[in-house]
Amino acid sequence: MAAVTSSRPYHVIIFGATGFTGQFVVEEVARTAAEGPGGAPLKWAVAGRSRQRLEDVLGRAAGRLSMPELRTDIEIIVADVSIEESLAIMCQQGLVILNCVGPYRFYGEPVVKACVENGAHYLDICGEPQFLERMQLEYHTKALDRGVYVIGSCGFDSVPADLGVLYTQRQFKGTLTAVESFLKISSGPEGFSGHDATWQSAVYGFADSGSLRQLRKKFGHTPLPVVGAKVKKRGFMFFSREIEQYAIPFMGSDPSVVKRTQRFLYEEQQQSPVQYSAYVGVGGLFSVVKLFCSGLLFWFMVKFSLGRKLLTMFPSFFSFGMFSKSGPTTKQIEDTCFSLTFFGEGYSESTDPSQGRPNAKICTQVVGAEPGYVVTVSTLVQAAVTLLDELVKFFCLFCVSAFYKTSLIDRLQNHSVKFSVRHCE
């Protein structure tokens, strides 16, 4: 168990607490502060550029949660990504930094650097593969030398997917060789919406996808071995009988994160790697037409600086209302939920994977509340508490597989995210 000291007085510091997602993280930490390491209260602080705005965030949280003590008892730390010294001072005061400042490709590295240099563990909710993999390439050795964990994608991207595959592996009786996941997001009459920061990350991520391919070459990885039958990739758009709607490949960080975990388990734990493909449901024919039109426009515009500027200036218009500068309403958040269903195949305990086709199947599911601002903050906070409470059980520095042998899945079962085995049809 990690303990606070007079020189490092906080278990957790929320950096970017005034941001749209950061405000939800503040409320979640306040709600779960009694569940600190070893059952002790969690000692925490908030950090950001403006003391006044941080005071306002704490004031709103105090009112919403009926916790007036938040206005007076929570320390405020002024820190700015452009001022290295301020980040160092912040990192020297906390055991774990929760970085909520994005897009991470622009603002993330100074925080990672400050954490590694000043001995604070780092968690974020990044869904940007290029940032995640570049940080691993550039800071792995330094973090290892200092015993610092730098774990990205601790939100909806990509805890449900990565832990969902690990959960499926554990439940399968035999050798699991392949998993396909299908994401469904259900919303109420007001629909589903995301915040502008997520839209910006997507715009700049797609625009710079060529750099990601070049970055991956620097790792020098050899391809993971294919155990059993090779799974054929689905098309760009297809009707999924699994979820009874049209689906497309999932464009977020889940495939990247899961593949990094499977590589770690294969190379460091000598476990058989699992082939993984991720898809997301898009609905019926009308949704397909709308997606096709918006997708073509998006792909064209991200190639040019003027196009990217227009996309980021008018997110609601170009995303057909899916993203906005104001973010989702409270009603939209309350009425939205998700299900992530995993369809796995492999070989039973008595079967050699090198002989013939897979002969066993499994279906598991991860379900939860609204993914972006309920599940994301819950998984981030529970990841931090797990890190504080079970540090000796951690394995990998730079991916969600760090939680491989911890109780994070059990903790999430009590916090908005449920894992279960389903009947295979």
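Numbers for residues simply follow the sequence, beginning at 1. Everything numeric here is computed off the predicted structure, so don't read it as measured data. Computed over heavy atoms, backbone and side chain alike; hydrogens, waters and symmetry mates excluded.
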Check E267 with R263, please: is the shortest side-chain N to carboxylate O separation under 4.0 Å? yes
If I compare all heavy atoms of Q169 with all of S272, which pair ends up nearest, and what's the gap? NE2-O, 3.9 Å
Report the relative orientation of the aromatic rings in F318 and F314; use parallel for angles under 30°, tilted for 30 to 60°, perpendicular for over 60°. tilted
Sidechain N-carboxylate O distance under 4.0 Å for E28, R31: yes
Quickly, which of Y279, Y246, F182 forms a ring-ring contact (aromatic ring centres under 6.0 Å, His included) with F239? Name it, please. Y246
How about Y276 and S181: does a side-chain donor come under 3.5 Å of a side-chain acceptor? yes
Parallel, tilted or perpendicular: which one describes the rings of W199 and F298, with boundaries at 30° and 60°? perpendicular
Donor-acceptor pair between R422 and T341 side chains, under 3.5 angstrom: no
Would you call the rings of F106 and Y204 parallel, tilted or perpendicular, taking 30° and 60° as the class edges? perpendicular
Using a strict cut-off of less than 4.0 Å between a Lys/Arg side-chain nitrogen and an Asp/Glu carboxylate oxygen, indicate whether E138 and K113 qualify as a salt bridge. no
Quick check: do V112 and F131 have side-chain heavy atoms less than 4.5 Å from each other? yes
Do NZ/NE/NH1/NH2 and the carboxylate oxygens of E133 and R260 come within less than 4.0 Å? no
Any ion pair linking E180 and R234 (charged N to carboxylate O, less than 4.0 Å)? yes
Check whether any side-chain heavy atom of V227 lies under 4.5 Å from a side-chain heavy atom of P273, and answer yes or no. yes
Ring centers of F264, Y404 separated by less than 6.0 Å: no
Between S50 and Q52, does a side-chain hydrogen bond (donor to acceptor under 3.5 Å, both in side chains) hold up when you go through it step by step? CA-CA 5 Å; S50 168; Q52 181 59 57; over 6 Å; no
Do S407 and E390 get their side chains close enough for a donor-acceptor pair, meaning under 3.5 Å? yes
Output all residues satisfying ring-ring contact (aromatic ring centres under 6.0 Å, His included) with F300, sequence neighbours left out; order by chain, then residue number. F304
